[in-house]
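Start at 1 and go down the list; that is how both ligands and their atoms are numbered. Here the structure is a predicted model, which is why all the values come from computation and not from measurement.
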Amino acid sequence: MNGRSKRVRILALLAVVAVTGSLAYALSNARKGYEPRQPILFRHTRMAGVPVWQTNEKGEKVNVGGFGIPCVYCHTMPYKGRHSTVPSTAVCMNCHSSVGLNKEWVLKMKDYWDRGEPIPWVKVHDLPDFVYYDHSAHVNAKDDQGKPLLAVTDEQGKAMVVCQNCHGKVEEMEIVSVQNTFNMQWCLDCHRKPEMKTSTDCVVCHR
Ligand code: HEC
Ligand code: HEC
Ligand code: HEC
Ligand code: HEC
Ligand code: HEC
């Protein structure tokens with residue numbers, strides 16, 4: 001075999017790997033389960049989870065569970081605009097200028113605050129720019145009778161936050177991870193449900 005045909009074969013092989021590799025990626029729902037580590041261990045379980053009261057050795061009642069802070073206290077935007085937002089450190093400092101100052105991660109957060117630097121939170125969900133998505137249109141969606149279109153109760157009929165439809169039970173997560181595929185098929189599967197009365201035209205999501 002001469003050098004040239006060898007090179008052609010290697011190039012052909014590389015091309016096959018590239019094609020099948022990218023195909024496998026496209027079919028693998030690569031986003032689901034993505035769970036990036038954050039600069040500060042911010043636990044939704046502790047801030048947004050349900051309280052669990054225990055009596056410690058001194059006989060005092062202590063909350064070892066969560067503080068049940070509502071999602072919208074920190075994520076103020078989902079009901080008002082396209083984007084939800086991750087809170088600025090000022091929101092955390094409403095409480096943490098006085099609370100939890102003996103805790104490692106709270107001190108680290110205060111360091112950022114004292115230096116005037118934002119906490120470099122890593123984005124968990126990040127759709128490509130050619131997709132148009134709007135939070136308020138979803139969390140406020142109502143039918144003709146004024147009933148919410150997205151579920152606000154779980155399978156057992158218990159009340160849940162509307163966010164759970166797409167993000168799962170964030171209040172039970174130590175570290176936030178992506179709970180659904182967040183690909184086009186997933187969006188369409190819900191838009192196609194007759195009770196959603198929602199368009200599946202390309203221009204709805206690609207404007
Ligand atoms: C005390 C403030 C606070 C509360 C309350 C809170 N969050 Fe968060 N949330 C954050 C912070 C800070 C981050 C960024 C760090 C991270 O991803 O863990 C975040 C991240 C997220 C993300 C991922 C954002 C991304 O980058 O894609 C989702 C989704 C989310 N929160 C949903 C919720 C839901 C749903 C609730 C209510 C059950 C809630 N949060 C309650 C502060 C809060
Ligand atoms: C409404 C009040 C309130 C707000 C707002 C708040 N926290 Fe907290 N946070 C608490 C309380 C109360 C504790 C428990 C303190 C303790 O255990 O001593 C706590 C504990 C913590 C801890 C350590 C406990 C642990 O193990 O998880 C971290 C880290 C933390 N908060 C980060 C944040 C961040 C980041 C924000 C802003 C996005 C925030 N908090 C906003 C009240 C608040
Ligand atoms: C219909 C599905 C759906 C519902 C319901 C929903 N989200 Fe989201 N959320 C998304 C999608 C899709 C993204 C990614 C947007 C992007 O990357 O452009 C996202 C991103 C986020 C982010 C990251 C910041 C951003 O805007 O990209 C946060 C924080 C968040 N959601 C919080 C919430 C909270 C809190 C609720 C409930 C009040 C909620 N979401 C309800 C689908 C949903
Ligand atoms: C759980 C169901 C559900 C999922 C998942 C979902 N949607 Fe929707 N979507 C709806 C409903 C319900 C409406 C509102 C219908 C109405 O108000 O008429 C809507 C409306 C929209 C609109 C129109 C907003 C406007 O300005 O009128 C866009 C754009 C959209 N969705 C994009 C997306 C994208 C992109 C995804 C995936 C990342 C997605 N949706 C996932 C249920 C869903
Ligand atoms: C309900 C929202 C929604 C509708 C309607 C929709 N798309 Fe998409 N589309 C998406 C999302 C979300 C992605 C990003 C997928 C990803 O990154 O995983 C996407 C990605 C794409 C891509 C990039 C290739 C890919 O698979 O990532 C093309 C091309 C595309 N859409 C074409 C269309 C066409 C053509 C239509 C109409 C027949 C359409 N879309 C309707 C949400 C939608």
Next on the checklist: Heavy-atom pairs closer than 4.0 Å: do any link ligand 2 to the side chain of L41, the backbone, both, or neither?
Outcome noted: backbone
Checklist outcome for this item: Short version for L150: what comes under 4.0 Å of ligand 3, heavy atoms counted, is side chain
How far is [atom] from the closest protein heavy atom, and which atom is that?
atom                    : result
atom 8 (Fe) of ligand 2 : H96 NE2, 2.0 Å
atom 23 (C) of ligand 2 : V106 CG2, 3.8 Å
atom 38 (C) of ligand 2 : C92 SG, 2.6 Å

Would [atom] count as contacted, meaning some protein heavy atom under 4.0 Å?
atom                    : value
atom 41 (C) of ligand 5 : yes
atom 26 (O) of ligand 5 : no
atom 2 (C) of ligand 5  : yes

Checklist entry - Do any nitrogen or oxygen atoms of W121 lie less than 3.5 angstrom from nitrogen or oxygen atoms of ligand 2? => result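 Such a contact does not occur with ligand 2.
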Counting heavy atoms only, which part of [X] comes closer than 4.0 Å to ligand 5: side chain, backbone, both or neither?
X    : answer
Y133 : neither
S199 : neither
M184 : both

Next on the checklist: Looking only at the aromatic ring of each residue, does the gap between the centers of H125 and Y34 stay below 6.0 angstrom?
Outcome noted: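 Aromatic pair excluded; centres sit 6.0 Å or further apart.
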Checklist entry - Is R115 paired with E117 through a side-chain N to carboxylate O contact shorter than 4.0 Å? => result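 Answer for the salt bridge query: yes.
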Among [options], whose heavy atom sits nearest [atom]?
atom                    : options              : value
atom 16 (C) of ligand 3 : V124, V131, L127     : L127
atom 10 (C) of ligand 3 : H135, H75, R82, H125 : H135
atom 15 (C) of ligand 2 : V99, L101, N63       : V99
atom 19 (C) of ligand 2 : H44, E104, R46, M47  : M47

Next on the checklist: Below the 3.5 angstrom mark, is there an N/O of T200, backbone or side chain, next to an N/O of ligand 5?
Outcome noted: no
Checklist entry - Does ligand 3 have any atom sitting under 4.0 Å from a heavy atom of K123? => result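 Checking ligand 3 against K123, which is what was asked, there is a heavy-atom contact under 4.0 Å.
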Next on the checklist: Using every non-hydrogen atom in the two residues, find where I40 and K108 come nearest and quote the distance to one decimal.
Outcome noted: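 In this case the closest contact between I40 and K108 is CD1-C, 4.1 Å.
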In terms of atom number and element, which parts of ligand 2 are under 4.0 angstrom from non-hydrogen atoms of [X]?
X    : result
I69  : 1 (C), 2 (C), 3 (C), 4 (C), 43 (C)
V91  : 5 (C)
K103 : 16 (C), 17 (O), 18 (O)

Next on the checklist: Using a 4.0 Å cutoff against the non-hydrogen atoms of V162, which atoms of ligand 3 qualify?
Outcome noted: 5 (C)
Checklist entry - H83 heavy atoms, cut-off 4.0 Å: which ligand 3 atoms fall inside? => result 26 (O)
Next on the checklist: Just checking: C166, one of its N/O/S atoms, less than 2.8 Å away from atom 8 (Fe) of ligand 3, yes or no?
Outcome noted: no
Checklist entry - Of all the atoms in H167, is at least one N, O or S atom closer to atom 8 (Fe) of ligand 3 than 2.8 Å? => result yes
Checklist entry - Is D201 in contact with ligand 5, taking contact as a heavy-atom separation below 4.0 Å? => result yes
Next on the checklist: Could you check whether R207 makes a cation-pi contact with Y132, meaning its NZ or CZ is under 6.0 Å from the centre of the six-membered ring and within 45° of the ring axis?
Outcome noted: yes
